[in-house]
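See structure below.
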Amino acid sequence: GSFKRELVAGTRPHGLVAITGEDTSGSMSTMLRCLIIDVKRGTFDKIALTELQADPVLWTTHLSRFLRFVEANYQSVRQKIISNFCSLRNEYAPFFDGANRLLDSAVCLILTEQIVLEYLRSCNAKCDFDGIDTCWRNAIIQALTTSKELASHADPSDMFISAMQRLYAM
């Protein structure tokens, strides 16, 4: 159907904090407060990135619409979070072996993913919702598992050895 872009060109996404670099540093406690995503060639869909670059208001328009969706459905979104947080936490606890900060992050991301899928349904998006759900959950678990592994190697000497091993593998 017709998709009206409501935002003006030049409006860019706001509110994202990203730190880039080849290595991360800090204590395990600090590292467990971060979500470390290993980005390399092939991580992102080039076709989707090209579409977003060609139409700079596509992302911001959907972000604005998503936030309005959450506002309009606040009570049901709130109830979804209240009703599902504990059960999701119990379901995913085995993946994180006591790393409760990462477990809570996983549950928050999974709940966010569910809310985004509800938004897409409300837009009558034509996609494989079950496939997207499975893909996103796997990506969330993988990203947080990677963060946990990196945090457990936060000792400077371990980080140096890890960096050398990656260089040697190249």
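Numbering starts at 1 and runs along the sequence shown.
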Value rounded to 0.5 Å, distance of [atom1] in [X] from [atom2] in [Y]:
{"X": "Leu117", "Y": "Thr112", "atom1": "CG", "atom2": "OG1", "value": "11.0 Å"}
{"X": "Asp130", "Y": "Cys135", "atom1": "CG", "atom2": "SG", "value": "12.5 Å"}
{"X": "Phe95", "Y": "Leu102", "atom1": "CZ", "atom2": "CG", "value": "13.5 Å"}
{"X": "His62", "Y": "Tyr119", "atom1": "NE2", "atom2": "OH", "value": "4.5 Å"}
{"X": "Asn90", "Y": "Leu103", "atom1": "CG", "atom2": "CG", "value": "8.5 Å"}
{"X": "Thr145", "Y": "Asp97", "atom1": "OG1", "atom2": "CG", "value": "11.0 Å"}

Contacts of Arg78 that satisfy side-chain hydrogen bond (donor to acceptor under 3.5 Å, both in side chains) - sequence neighbours left out: none
Full working for side chain to side chain contact (heavy atoms under 4.5 Å, CB included) between Glu91 and Val107: CA-CA 9 Å; Glu91 181 181 346; Val107 172; over 6 Å; no
For the residue pair [X] and [Y], what are the closest heavy atoms and their distance?
{"X": "Ile140", "Y": "Glu113", "value": "CD1-CB, 4.5 Å"}
{"X": "Val116", "Y": "Trp136", "value": "CG1-CH2, 3.7 Å"}
{"X": "Phe96", "Y": "Tyr92", "value": "CD1-O, 3.3 Å"}

Side-chain heavy-atom pair Phe129, Cys127 within 4.5 angstrom cut-off: yes
Evaluation steps, side chain to side chain contact (heavy atoms under 4.5 Å, CB included), between Glu51 and Asp55: CA-CA 6 Å; Glu51 284 180 30; Asp55 190 350; over 6 Å; no
Flag, side chain of Thr134 to backbone of Gly131, donor-acceptor distance under 3.5 Å: no
Ser64 side chain vs Thr60 backbone, donor-acceptor pair below 3.5 Å: no
Return a table of donor-acceptor pairs under 3.5 angstrom between the side chains of residues 80-88 and protein atoms on other chains or two or more places apart.
{"unit_1": "Lys80", "atom_1": "NZ", "unit_2": "Glu118", "atom_2": "OE2", "d": "3.1"}
{"unit_1": "Ser83", "atom_1": "OG", "unit_2": "Gln79", "atom_2": "O", "d": "2.8"}
{"unit_1": "Ser83", "atom_1": "OG", "unit_2": "Gln79", "atom_2": "NE2", "d": "2.9"}
{"unit_1": "Asn84", "atom_1": "ND2", "unit_2": "Lys80", "atom_2": "O", "d": "2.9"}
{"unit_1": "Ser87", "atom_1": "OG", "unit_2": "Asn84", "atom_2": "O", "d": "3.1"}

